[in-house]
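For reference, the structure discussed in these notes is given below.
Residue numbers start from 1 in every chain, and the chains themselves are labelled A, B, ... in the order their sequence lines are given, proteins ahead of strands. Heavy-atom basis, side chains included; hydrogens, waters and symmetry copies ignored.
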2 protein chains.
Amino acid sequence: MNQRTQIRDPELTRARILEAAEALFVEQGFSAVKLSELARAAEVTKSLIHHHFGSKEQLWEAVKDRAFERYFTAQMAMLEEAGEPDAALLRSSVEAYFHFLRENPGVVRLFAWTHLEGDNHCSELDSQLVGAGAEWVRQTQLRGLLRADINPTHIIAVFVMTCTQWFEAKCHHQHWPGMGSDEAFLEDFLKIFMEGVTPRE
Amino acid sequence: MNQRTQIRDPELTRARILEAAEALFVEQGFSAVKLSELARAAEVTKSLIHHHFGSKEQLWEAVKDRAFERYFTAQMAMLEEAGEPDAALLRSSVEAYFHFLRENPGVVRLFAWTHLEGDNHCSELDSQLVGAGAEWVRQTQLRGLLRADINPTHIIAVFVMTCTQWFEAKCHHQHWPGMGSDEAFLEDFLKIFMEGVTPRE
DNA sequence: GCGCTAATTGACCGGCCGGCCAGTTAGCGC
DNA sequence: GCGCTAACTGGCCGGCCGGTCAATTAGCGC
C-alpha cells in the first residue's frame, strides 16, 4: 500500500486475495461482500483485485473453483483408499465424510450459497464422485452385504444430505430441545442408517 | 402509480409488497434484492415500501415472520391431527413433511437463507415443534414400537434434515447419475429410515 | 360536508458500489 | 546495465443504492 517493502510477489498477492475472498464469501455470500472491504482484508488495493481477477464475479468463480477442487480431491482420495466393499466400510465412509465436513465448515457454506444461487458448475466433479460411490454400493449389494432393493445413488444421497444439512443448518437446530453433540448425532444417525441399509438375515 | 383508479387500500398494498418481497427474497436472498426492483414487482413506489415497513431490513423480518408463521401453523396442525402413536404414523408423518416442503419451495429457500445468515429468530417456534415431535417419538418408544436406544430428537432431526436438504440442494444433486424422482427418493429414504428406527423382533 | 389521519407520490440526497485508467516502478530476460 | 512486461497505485467516475421529505389527496369519524 504505502512506500515500504516494495517487493512484488504476484503469486502471493493472488493467494492473499483468494484467501480473504473465500473467508468473506463464505461468511456473507456473494452479493453482500464489498470489494472495498475485501481489499482491506487482503491488504491490497481494489485495483489489484481487478488486475488479477477481472471482476467480482470472476473472483467468486475462482474462489468456488479452488474450494471445490480441494473438496473433490479430498473425497476422491478417500474413495480410492477404500478397500474391500462391505458394510463396515460404508459406516467408516460416512464417519469420514461427516468429519471432513466438520473440519471444513467453509466448504459446507460455499456449497450452500451455490445451491441457493442455482449454480451447479461443480456438478460434473460431484457426479463423478457420486457415480463412483454408487458403483461401490452396487458392488456391495451384489455381494449381499447391503440391501439390494434400494437405489445405490439414493443410499449415497441420504448420508451425504444428512451430514451436509447437519452442518449447514447447525445454527438453527443446535437449539432444539434434546439435541446432542456432533458425535452423539452421528452415532444415532449411523444406528438408523446402518440398520436401514443392512439386509435382515 | 399514475393518476388512474385512485382507490386506497393499505391492507392490499401491504399484502402486495409482502408477496413481491417474499418472491424476490426467496429467489435472491436479502442483500441481492434491490428496493427499486421490488417496487416495480409490487407495482408500488419505493417510498411506499418505507412507509409501510420502515426499512429493507424490517421488511425482510416481516417476510420471514409471515412465512415461518405459516410453516409453524401447518406443522402444528399436522402434529395435532396425529393419532395413536405407532410406526406407521411416523412413516406418514415423514411423507406429509416431505410433501409439505415440495408444495412450499419458498419456505425451504427462506429457511436456507436464514440458516446462512446465522439467524435463528424462528427457533423458539421450531423448538416447540421439535419438542412436541420428540415427545411423540418417546411415547412410541415406550410402547416398544420404535427402537429405544436412539435419542428421539435425533430421529426427528434425521428425517427433517434429509427432506430439507433434498429440496434445498435440488439444483445440485438432481444431475447426479442414477438419481430418481422425488417420489422414488422418498420411497428409498423411507425404506432405510423405517427399517432403521423399527425394533428387530 | 368538514377535518384529520395516513396512504401515496415523485423529486431528491449522500454515499458508496464495482470498475476504469493513467502513471509508476519492480523484476526478469537479455 | 537496459528495456519491456506486468504488478501495482491512487484518484476518479457514473450509476444506483437505501432512504428522506414536502406536497397531495383519499377515506373515515363525526
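Contacts with DNA chain D (heavy atom under 4.0 Å) in residues 24-35 of chain B: B:V33, B:K34, B:L35, listed by number. For DNA chain C, the neighbouring residues in residues 13-23 of chain B, judged by any heavy atom under 4.0 Å, are B:T13. Contacts between residues 58-66 of chain B and DNA chain D, counted as heavy-atom distances below 4.0 Å, involve no residue at all.
Residues forming a side-chain hydrogen bond (donor to acceptor under 3.5 Å, both in side chains) with B:W136 (at least two apart in sequence, or on another chain): none. Annotation: salt bridge (charged side-chain N to carboxylate O under 4.0 Å, His left out) contacts of A:E95 (sequence neighbours excluded): A:R91. In this structure B:E135 satisfies the side-chain hydrogen bond (donor to acceptor under 3.5 Å, both in side chains) test together with B:R138, B:Q139, sequence neighbours excluded. Annotation: side-chain contact (heavy atoms from CB on, under 4.5 Å) contacts of A:Q28 (sequence neighbours excluded): A:L24, A:A32, A:V33, A:E37. Listed by chain and residue number, nothing satisfies the salt bridge (charged side-chain N to carboxylate O under 4.0 Å, His left out) test with A:D65 (two or more places apart in sequence, or in another chain).
A straight line from CG of B:L48 to C1' of C:dA6 spans 11 Å, rounded to a whole angstrom. One can place NZ of A:K56 at 5 Å from P of C:dG18, the figure rounded to the nearest angstrom. Whole-Å rounding puts the A:L38 CG to C:dC16 P distance at 17 Å. Distance B:E43 CD to C:dA7 P: 20 Å, rounded to the nearest Å. The nearest whole Å value for the distance from the CZ atom in B:F53 to the P atom in C:dT8 is 11 Å. Look at CD1 on B:I49: it is 9 Å from P on D:dG18, rounded to the nearest Å. Look at CD on A:E11: it is 13 Å from C1' on D:dA6, rounded to the nearest Å.
For the pair B:V107/B:V26, no side-chain contact is recorded, criterion being any heavy-atom separation below 4.5 Å from C-beta on.
Put simply, the side chain of A:S36 never gets that close to the backbone of A:K46: no donor and acceptor are under 3.5 Å apart. Checking side-chain atoms of B:K191 against main-chain N and O of A:D149 turns up a donor-acceptor pair under 3.5 Å. With hydrogens and angles disregarded, no donor-acceptor distance shorter than 3.5 Å links the side chain of B:T153 to the backbone of B:V130.
Of the candidates C:dC17, C:dT9, D:dC8, the closest approach to any side-chain atom of A:P10 belongs to D:dC8.
B:W113 contributes atom CH2, which lies 12.0 Å from atom CZ of B:F30 (distance to the nearest 0.5 angstrom). Rounding to the nearest 0.5 Å gives a distance of 5.0 Å between CZ of B:R109 and CD of B:E27.
Taking every heavy atom of both residues into account, A:G196 and A:I150 meet most closely at O-CD1, 4.2 Å.
Under 4.0 angstrom from either OP1 or OP2 of C:dT8 there lies no side-chain N or O belonging to B:H51.
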N/O contacts under 3.5 Å, protein versus nucleotides 20-24 of chain C?
from, atom 1, to, atom 2, distance (Å)
C:dC20, N4, A:S47, OG, 3.3

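Where B:S55 and B:D9 each meet DNA chain D at their nearest nucleotide, the meeting point lying more 5' is that of B:S55.
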For residues 155-165 of chain A, dump all side-chain donor-acceptor pairs below 3.5 Å to protein atoms at least two apart in sequence or in another chain.
from, atom 1, to, atom 2, distance (Å)
A:T162, OG1, A:V158, O, 2.7
A:T162, OG1, B:T162, OG1, 3.1
A:T164, OG1, A:V160, O, 2.6

Distance-only check: which donor-acceptor pairs under 3.5 Å involve side-chain atoms of residues 182-189 of chain B, not counting sequence neighbours?
from, atom 1, to, atom 2, distance (Å)
B:D182, OD1, B:W166, NE1, 3.0
B:D182, OD1, B:K170, NZ, 2.7
B:D182, OD2, B:K170, NZ, 3.3
B:E183, OE2, B:H99, NE2, 3.0
B:E183, OE2, B:R102, NH1, 2.8
B:D188, OD2, A:N151, N, 3.0
B:D188, OD2, A:H154, ND1, 2.7

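Between A:Y71 and A:F111, the two ring planes are perpendicular [angle over 60°; tilted spans 30° to 60°].
From one end of the helix from C:dG1-D:dC30 to C:dC30-D:dG1 to the other, with five pairs defining each end axis, the axis direction shifts by 20° (rounded to 10°).
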- [ ] Mind running salt bridge (Lys or Arg N to Asp or Glu O under 4.0 Å) on B:E19 and B:R16 for me, showing each step along the way?
- [x] CA-CA 5 Å; B:E19 202 137 331; B:R16 281 234 303 277; over 6 Å; no
